[in-house]
Enquirer: 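First, the structure itself, so that you have it in front of you.
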Amino acid sequence: GAGVSQSPSNKVTEKGKDVELRCDPISGHTALYWYRQSLGQGLEFLIYFQGNSAPDKSGLPSDRFSAERTGGSVSTLTIQRTQQEDSAVYLCASSTSGANVLTFGAGSRLTVL
Amino acid sequence: GNSVTQMEGPVTLSEEAFLTINCTYTATGYPSLFWYVQYPGEGLQLLLKATKADDKGSNKGFEATYRKETTSFHLEKGSVQVSDSAVYFCALSSQGAQKLVFGQGTRLTINP
């Protein structure tokens, strides 16, 4: 596609529910990143996929968070048993390789009530 | 570990004022440095970058010089416009690393 597409753009859920956030990167971009942007905070790295290599999961805040990337393209970030502190904007980005120039999506705003 | 520290916002200026947003970093080796901008309702986009010491990145009238001696990458613009209102993020990518480390962001508001 022309840009990085994320869905849903907004998600309101109740505490304890599971949510899935989707990212469709730019075609041909081998690297895909998830970041979290909380109110008043910077961008927090969550996870990084590069081609067929094992993902870098070092930023995932707890085992309630997981992500997968199918076929080297679309990625899904799953948050299980959501908590209020999970409320944030979840940003996906892709690049041709490595951490040089990232193209970001518009984000998915998650609100946990 | 690697980290980026930006001046705290929000910053409010009048149109045509001079802008400086400070950014300092901690990193091993020779990182690449970036400024990303997030306009209201839009995703982050790269504003400028510098990949080695003394390099100057520039775009849309903004400039930043990679200063290794002071570990800084301050963003400057000589005359800001209302359309420059946005959140600005300083970031680094260290050698061999595959992810960007971001600062906390600085919200800039330009009044006419």
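Residue numbers begin at 1 in each chain, while the letters A, B, ... track the order of the sequences.
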Enquirer: By a 4.5 Å heavy-atom criterion (distance strictly below it), what part of B:Q6 contacts chain A: side chain, backbone, both, or neither?
Expert: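 Contact with chain A involves no heavy atom of B:Q6 at all.
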Enquirer: For a quick test of reading the model, state the closest non-hydrogen atom pair linking A:R69 to A:H29 and the distance between them.
Expert: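 So the two residues come closest at NH2-O, 3.0 Å.
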Enquirer: Is the backbone N or O of A:T76 less than 3.5 Å from a side-chain atom of A:E20, with the two atoms forming a donor-acceptor pair by type?
Expert: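 Side chain of A:E20 to backbone of A:T76: no pair is present.
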Enquirer: Using non-hydrogen atoms only, which part of A:S58 is less than 4.5 Å away from chain B: side chain, backbone, both, or neither?
Expert: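 The side chain, not the backbone.
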Enquirer: Which pair of heavy atoms, one from A:Y90 and one from A:Q6, lies closest together, and at what distance?
Expert: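 Taking every non-hydrogen atom into account, O-NE2, 2.9 Å.
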Enquirer: Are A:W34 and A:L21 close enough that some pair of their side-chain heavy atoms sits under 4.5 Å apart?
Expert: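 A:W34 reaches A:L21 side chain to side chain.
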Enquirer: Mind listing the closest non-hydrogen atom pair of B:P31 and B:A27 along with its distance?
Expert: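 Where B:P31 meets B:A27 most closely, the heavy atoms are CG-CB, 3.8 Å.
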Enquirer: Can you find a heavy atom in the side chain of A:Y35 that is under 4.5 Å from one in the side chain of B:L100?
Expert: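 Yes, their side chains come closer than 4.5 Å.
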Enquirer: Do B:K99's NZ or CZ and the ring of A:Y48 fall within the cation-pi criteria of under 6.0 Å and 45°?
Expert: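 Not flagged: B:K99 not positioned over aromatic ring of A:Y48.
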Enquirer: For chain A, which residues from residues 59-74 of chain B have at least one heavy atom closer than 4.5 Å to it?
Expert: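 Checking residues 59-74 of chain B against chain A gives no residue, so none.
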